[in-house]
Amino acid sequence: MGINYLYPDFEVVRNQDRCISCRVCERQCANEVHSFDEATGRMKADESKCVNCHRCVSLCPTRALKIVKTDHTFKENANWKGEVIQDIYRQAESGGVLLASMGTPKDYPVYWDKMLVNASQVTNPSIDPLREPMETRTYLGQKESVIKRDANGKIITKTAPQLKLEIPIMFSAMSYGSISYNAHKSLALAAQELGIYYNTGEGGLHEDFYQYGKNTIVQVASGRFGVHPGYLNAGAAIEIKMGQGAKPGIGGHLPGSKIGEDISKTRMIPLHSDAISPAPHHDIYSIEDLRQLVFALKEATAYTKPIIVKVAAVHNISAIASGIARSGADIIAIDGFRGGTGAAPARTRDNVGIPIELALASVDERLRQEGIRGNVSLVVGGSIRSSSDVLKAIALGADAVYVATSALIALGCHLCRTCHSGKCNWGIATQNPELVKRLNPEVGSERLVNLITAWNHELKEMMGGMGINSIEALRGNRLMLRGIGLHETELNILGIKHAGA
Amino acid sequence: MNGYHQRTPLEGEVRIPSGCAISGIISRSGKRFSGREAISSIAVMHDRSNGLGGGFAGYGIYPEYADFYALHVFYYSSEAKRSCEDFLEEHFDLINLSKIPTTKHHAITDEPLIWRYFVTPLPTKLASSQLDENEYTARCVIKINREIDGAYVFSSGKNMGVFKAVGYPEDVGEFYRLDDYEGYSWTVHGRYPTNTPGWWGGAHPFSLLDYSVVHNGEISSYDANRRFIEMFGYSCTLMTDTEVITYMIDYLHRKQGLSFEEVANVIAAPFWSTIERKSQEEKEVCTYLRNTFASMLITGPFSIILGFSGGLMALNDRLKLRSLVAAEKDDRVYLASEEAAIRVICPEPDRLWYPSGGKPVIVTLEGQQGGQDGHQLPVSGL
Amino acid sequence: MKKIYVNEQWCLACHLCEYYCAYANSGLSDMVQALKDKPLHPRIQVEQRGTVSFAVNCRHCSEPLCLKSCIAGAITEKDGLIVIDQDKCVGCYSCIMACPYGALMPSESGVMQKCELCATNSHGLPVCVQGCPNQAIVYEER
């Protein structure tokens with residue numbers, strides 16, 4: 001056994017008075033925390049294996065279980081915190097890069113929570129969405145800058161290809177491979193029912209899902225997995241993934257163990273070979289190269305699909321976005337540094353990039369200063385947690401938002417942040433068939449539809465409160481926001497006033 | 001603004017929503033009449049204003065200078081006047097200049113210097129700018145208002161003029177001696193700003209070139225509209241609804257060449273559910289306009305009367321959250337916030353109706369086409 | 001009529017249905033009191049081999065062999081629902097022999113028991129359906 005430097009993070013607390021030894025906890029834990037002691041007839045637990053995913057807690061019929069944080073402690077030290085020390089132990093043992101999953105848990109400012117929303121009082125009326133139309137339909141894509149008329153003076157109504165969203169929310173890219181078949185199917189079914197879009201991520205599109213093409217965005221990433229003409233033409237739009245908020249500047253690595261038959265076929269790579277996405281696209285080393293890929297994809301799809309360019313929010317994001325807006329791309333998707341991932345080096349995830357709120361505010365302002373905001377639509381993601389985050393993003397200037405972590409949580413994810421282990425007890429971030437089947441897509445899609453529908457109700461409620469009955473009048477309407485507890489520089493970047501001003 | 005006023009912040013320093021009264025009269029046959037009827041009409045709605053701003057726009061009032069831009073300017077100092085006149089000399093031929101005649105009125109005080117210039121762009125300057133004369137003049141006006149402290153051009157159209165001040169509109173009309181002017185159409189505005197002592201430049205109508213807007217309401221889309229229109233060289237220095245609405249109309253009608261009906265389909269776009277019910281062709285056009293100019297949709301309550309050369313357009317927000325009444329008798333069409341404001345000058349109209357939300361009422365002089373629509377009454381809202 | 005069906009594709013073999021069933025038919029209002037340290041007598045049972053599993057309970061057959069085989073007249077049918085009157089059951093096991101699904105079994109007291117779709121207890125909707133975490137057990141018209 002040697003020396004065990006790491007003490008378990010959690011304790012499994014079982015109320016033996018309530019436990020009926022039904023063993024559901026044991027059957028449902030892929031980490032093998034729980035077991036039945038034949039000798040005593042009692043359940044027991046090995047908390048060193050617990051990742052705190054709450055599967056056992058959620059299924060226990062008598063609420064006999066809870067997971068608590070251990071109070072085992074290091075000597076208090078504001079600088080050398082316990083987690084810092086533990087990371088050093090881990091690396092001293094493994095010699096490897098620390099891996100992590102989902103968005104950064106670090107205590108960075110969340111600007112959504114530092115903005116307050118306006119409402120109508122006296123001088124104009126609020127609008128009741130239950131009694132009056134309240135519109136959230138959004139079109140994404142390039143807007144014409146000059147009205148053209150035919151010989152009879154009629155307006156020519158042909159536009160660049162557009163995405164039509166009934167609700168300004170889309171499911172952002174999560175590849176088949178990083179998440180399960182059933183998770184993908186849940187997203188596809190929900191997108192179809194909601195009149196929105198889900199995104200294949202970089203792992204190609206399973207042949208079963210071509211039928212949802214009208215509500216699918218297909219992604220082209222640096223690994224080009226599963227990219228072929230049929231794939232490009234299967235979706236409603238194509239997204240070029242340049243970067244991801246959780247790991248800007250880093251590629252991806254899906255281990256061979258997850259490349260089973262289906263995934264190997266979908267990604268068009270050999271069975272059980274590692275799927276490695278290079279950090280950059282090796283045909284894009286500069287902005288003019290991007291333009292070539294944008295037009296190559298447009299050519300491949302006969303100019304019928306909008307092209308999205310997705311980038312991570314990094315320091316000079318507004319200059320980058322300006323370049324993309326002039327590249328022929330129709331939509332820019334920006335992913336903030338709190339965005340999730342199936343696996344990323346922990347140091348990258350926790351230290352690289354900038355918050356989406358600031359990136360969005362500066363990009364929207366920059367594109368307006370340059371008079372090219374109409375060239376592109378802006379979609380933002382990277383930890384949109386609620387309808388009020390959606391509302392604030394749109395008021396800052398976004399056309400729509402991307403959600404992924406919220407969608408996974410709706411599917412059952414408890415943010416245990418061990419996706420990279422492949423043993424997701426909720427059937428989401430796993431390829432183990434026994435675990436994958438835990439997510440019934442009928443149930444999953446219904447929960448996703450419920451979530452987005454609920455958000456849309458709330459969005460309408462708040463819009464009505466502001467006296468706004470159509471989402472386009474909210475877009476970029478920063479007067480509807482006020483900062484709380486922000487200093488001058490932050491307010492300037494966000495382009496809003498402080499509360500009370 | 002810039003030290004000429006003290007007290008609380010003025011237009012341009014804070015955003016000032018306001019409630020209001022509006023009225024408009026037009027003779028479709030082009031018969032000219034004095035500003036008295038507009039004064040009488042607005043006086044009835046005294047309680048809709050609070051004495052912090054009133055103003056008029058008259059069309060066809062300068063027939064002898066019909067080919068020249070009539071610039072009406074407020075000056076708060078003689079330095080401002082000098083700088084502004086230097087700028088005008090540099091960019092325009094000044095055909096005529098004079099003080100605008102006023103009468104001392106007990107209720108109108110603190111007046112700035114109020115001057116009027118009839119100008120035409122210097123041909124060489126105009127040629128080198130590669131702009132048409134309207135755009136050239138508009139840019140000069142925006143530049144003066146943004147850059148010359150203490151000078152404010154509040155009217156810049158041809159054969160039309162805006163007259164406005166801090167005070168009740170009926171007093172403002174007397175102050176500017178509007179009995180002495182004759183036009184084929186008039187609009188008038190009484191203001192009820194909610195958080196300012198009012199500033200002369202901030203009174204309405206707001207005007208650019210020959211577009212003038214009087215507006216009642218408080219739009220909730222203001223900042224979305226402002227941030228969008230500012231991409232096209234406009235500068236919303238007053239931070240008022242009327243200013244941004246005027247700029248949007250100027251952009252859509254003058255620069256994009258939309259008809260006034262099409263403009264209405266942008267700024268008070270039909271609901272999607274309404275668009276779905278239209279014919280295929282109308283559906284395509286409405287969807288196109290709404291999508292292309294999404295950020296120019298105005299939400300929140302408004303009723304506006306737009307004055308332009310040769311006509312008037314009245315428009316309500318889509319939900320008709322502000323009152324607006326229309327009437328006609330003989331060759332006259334009347335538009336006002338309240339029926340009483342029409343009946344006081346036209347007790348027995350031939351027809352009186354309440355235009356529906358989002359449906360424009362467009363009235364043009366007989367024999368003249370208003371933009372590309374050429375719509376005559378009856379138009380809509382019946 | 002609505003019956004209980006099992007979609008084996010979604011059955012996780014968690015066995016929760018058995019516990020909810022036993023609890024529902026215990027007549028007690030506390031699950032712990034009903035089940036703790038007691039032998040379990042559910043009317044639904046998960047069958048499992050390898051990775052395949054599904055729950056089995058009474059099909060409420062249109063031609064119920066159990067009813068025909070009952071020597072005591074304890075099993076009756078009403079509007080498609082097959083119920084057993086445990087006061088009449090003599091515990092002869094004929095029904096168990098007759099049922100091709102293994103849907104009847106002895107109860108704690110020795111007489112037979114079977115799924116009655118929770119129509120005869122106080123739970124309304126079948127509790128196995130309510131308790132299934134993956135909607136593998138559904139209650140519907142087919």
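In what follows, every chain begins at residue 1, and chains take the letters A, B, ... in the order their sequences are listed.
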Quiz prompt | Those residues that, when tested against Asp37(A), pass salt bridge (charged side-chain N to carboxylate O under 4.0 Å, His left out) (two or more places apart) | solution =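 By the salt bridge (charged side-chain N to carboxylate O under 4.0 Å, His left out) rule, Asp37(A) matches no residue at all.
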[X] atom [atom1], neighbour heavy-atom count above 12 within 6.0 Å:
{"X": "Glu140(C)", "atom1": "CD", "result": "yes"}
{"X": "Gln48(C)", "atom1": "CD", "result": "yes"}
{"X": "Lys265(A)", "atom1": "NZ", "result": "no"}
{"X": "Glu193(A)", "atom1": "CD", "result": "no"}

At what distance, to the nearest 0.5 angstrom, does [atom1] of [X] lie from [atom2] of [Y]?
{"X": "Glu8(C)", "Y": "Lys437(A)", "atom1": "CD", "atom2": "NZ", "value": "7.5 Å"}
{"X": "Ile20(A)", "Y": "Lys38(C)", "atom1": "CD1", "atom2": "NZ", "value": "11.0 Å"}
{"X": "Gln135(C)", "Y": "Glu442(A)", "atom1": "CD", "atom2": "CD", "value": "8.0 Å"}
{"X": "Glu434(A)", "Y": "Thr51(C)", "atom1": "CD", "atom2": "OG1", "value": "5.0 Å"}

Is chain A contacted by the side chain of [X], its backbone, both, or neither, given a heavy-atom distance below 4.5 Å?
{"X": "Tyr20(C)", "answer": "side chain"}
{"X": "Glu18(C)", "answer": "neither"}
{"X": "Asn134(C)", "answer": "both"}
{"X": "Leu12(C)", "answer": "both"}
{"X": "Ala13(C)", "answer": "backbone"}

Tell me the closest heavy-atom pair linking [X] and [Y], and the distance in Å.
{"X": "Gln16(A)", "Y": "Lys36(C)", "value": "O-NZ, 2.7 Å"}
{"X": "Val32(C)", "Y": "Arg18(A)", "value": "CG2-O, 3.5 Å"}
{"X": "Cys14(C)", "Y": "Gln28(A)", "value": "CB-NE2, 3.8 Å"}
{"X": "Leu439(A)", "Y": "Trp10(C)", "value": "O-CZ3, 3.7 Å"}

Self-check item: Winner by heavy-atom pair count (cut-off under 4.5 Å) against chain C, out of Cys19(A), Cys25(A), Pro61(A), Ala64(A)
Solution: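 Between Cys19(A), Cys25(A), Pro61(A), Ala64(A), the count favours Pro61(A).
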Quiz prompt | Candidates Val443(A), Asn440(A), Val24(A), Leu59(A) - the one meeting side-chain contact (heavy atoms from CB on, under 4.5 Å) with Pro133(C) | solution =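 Among Val443(A), Asn440(A), Val24(A), Leu59(A), the one that satisfies the side-chain contact (heavy atoms from CB on, under 4.5 Å) with Pro133(C) is Leu59(A).
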Self-check item: chain C-proximal positions within residues 174-188 of chain A [heavy-atom distance under 4.5 Å]
Solution: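 The residues closer than 4.5 Å to chain C, in numerical order, are Asn182(A).
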Quiz item: Measuring heavy-atom distances to chain C, does Arg63(A) have an atom under 4.5 Å in its side chain, in its backbone, in both, or in neither?
Solution: neither
Quiz item: Do Ser21(A) and Tyr19(C) have side-chain heavy atoms sitting under 4.5 Å apart?
Solution: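 When only atoms from C-beta onward are counted, Tyr19(C) and Ser21(A) do not touch, as no gap falls below 4.5 Å.
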